[in-house]
Amino acid sequence: MLEMKVFREDSKAVFENLKRRKMPDDIAKGVIQMDQEWRELIDEGNKLRSQRNRISREIGELKKKGKDGSDLLGEMAKIKKGLMGNESKTKETLASREEARMRVPNLLDSEVPQGQSEHDNRELSLHGKKKKTKTSRPHQEVMELVGGVDLKRAANVTGRRFYFLTGDLARLEMALINYAIDVLCERGYSLTIPPFMMNKEAYEGVVDLNDFEEVMYKIEDHDLYLIATSEHPLTSRFKNEIIEIKGEPLRYAGISTNFRREVGAHGMSDRGIWRVHQFAKVEQVIICKPEDSKKFHDELVANAIHIFKGLEIPFRVVDICTGDIGTVAARKFDLEAWMPSSQQWKEVVSASNCRSYQSVRLNMRYRTPEGTDFPHTLNATAIATTRALAAILENNQQADGSVVIPKVLRKWMGDQNLIKAK
RNA sequence: GCAGAGGUCGCUUAGCCUGGUAUAGCGCCGGCCUUGAAAGCCGGUGGGAAUUUCCCUCGGGGGUUCAAAUCCCUCCCUCUGCGCCA
């Protein structure tokens, strides 16, 4: 969420931002109004408390001298009554203000392209060549040909959008994970295996509130949610803490299984393993000083580009527009892999600069010479296994159904260069 | 899961029994001193609202009281022991 000082000192920026996002401004107006009320209530309460403390001290003094202070008790009762009403009103007002504040989206970077939907995202660069393949079977067909997936039985034991990944494809997934981890560790990222569940309070710090209904699975009878990405625990980790950022920022490579409800999602993307309820992902997370976040956003994208270039998959980088960027990010770049079967670019990496939007909600600060300030948080995919697998299967398939294993992955595949068709 | 001991300002720590402005050290920042630095000395070092004053803050929430770090209830977490377990 946004810092209160933005609403107080620069509300124009909030409203202009809502206009760019084509969103109504009533919630933000409510925040400002409730904040005003809250401040008046605080003032009133402080005055009452001041009186209470003064009288209480007087009674203490009198008692010390062996006297009785009971004639002050009547006045005290009046103050306490006023204070009780004031305190409950103050609490309610603050709670309402905070609830509204959480719903106000992040301020967009001025360079975010204006647009309605994903069709208006701006292409920034192209990488690799689209291979001239004689076949363009969709990835789910290729998986069947190499005997690497069992969707039917997964549907029996769990439901749709789950899968058994088997044999060489399972091995390929592990290779992708190891490859991404190697790249990031070489580049100074600290590998971190987080908890795969988080409680609501921690979760509220890092996601849009709607995600509780549409994205995360709730654990029955516990205040716990399955994580949708390791970014969430990695960023929440320093909630309510003052961290030290000396020269270098905090760089993490998170690895986890991710769980997503995918409520409302449907269409062609449902086939195979493109959109599933469970997948593994290596994630990049950076926590840095505000003045450095632009630079490190570029670093995250550069890492992802390096990883996908290594896999020799054709892809492009796009700058996500105002209509497609979501609540939390101030700027977002995606990598989209070329999918021959549908002749489309499809998202395989998403890199967001959240600025202080998450750290404010988490109350995570870092030490500055003047005191403390909110750091910026950034996250980006390194490898989301199911999507990278699908891209490899489509781009590297051969006429006979076999699949060429990208060179960089072969050392984890017993030096095989091919996944043979059954 | 059971029992005991704990959780105090960035870190360490006193205060809790016996209620009355949260103690000291370390670290950090500033000043004096110095050619420079260290040491030494002095001051500062959580948050909020107002503007030079006030309020809040002792793991979270609630209660008792004129007054709660201190007493009571409850929840969370840590440590130790026991139990269970890949």
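Note that the coordinates shown come from a computational prediction; the quantities given were computed from them, not determined experimentally. Heavy atoms only: backbone and side chains are in, while hydrogens, waters and symmetry mates are out. Sequence lines set the chain letters: A, B, ... in the order given, protein chains first and strands last, and positions in each chain run from 1.
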Completion exercise
B:G19 -> Watson-Crick or G-U wobble partner, both distances under 3.5 Å, gives none

Exercise for the section: May I have all residue pairs that pass salt bridge (Lys or Arg N to Asp or Glu O under 4.0 Å) and include part of residues 144-153 of chain A, sequence neighbours excluded? Expected result: A:Asp150-A:Arg153

Handout entry: Identified pairing partner of B:A69, criterion: Watson-Crick or G-U wobble below 3.5 Å
Key = none

Exercise for the section: State yes or no: are the ring centers of A:His277 and A:Phe259 separated by less than 6.0 Å? Expected result: no

Problem - A:Lys47 side-chain N/O to B:A49 phosphate OP1/OP2 under 4.0 Å - result: no

Handout entry: Pairing partner (Watson-Crick or G-U wobble, both distances under 3.5 angstrom) of B:U45
Key = B:G27

Exercise for the section: Could you work out the separation of B:A24 and B:C77 based on their P atoms and round it to a whole Å? Expected result: 35 Å

Exercise for the section: Please measure how far the C1' atom in B:G46 lies from the corresponding atom in B:A37, and state the result in whole Å. Expected result: 32 Å

Exercise for the section: Please tell me if the side chains of A:Leu409 and A:Leu311 come closer than 4.5 Å, counting only heavy atoms from C-beta onward. Expected result: yes

Completion exercise
Taking a pair to mean Watson-Crick or G-U wobble geometry with both distances below 3.5 Å, B:C2 pairs with B:G81

Fill in the blank from the handout: Applying the 3.5 Å cut-off to both distances, the Watson-Crick or G-U partner of B:A39 turns out to be none

Exercise for the section: Output the single nucleotide from B:C56, B:C66, B:G62 whose closest atom is nearest the side chain of A:Lys91. Expected result: B:G62

Handout entry: Cation-pi geometry met for A:Lys200 and A:Phe212 (6.0 Å, 45°)
Key = yes

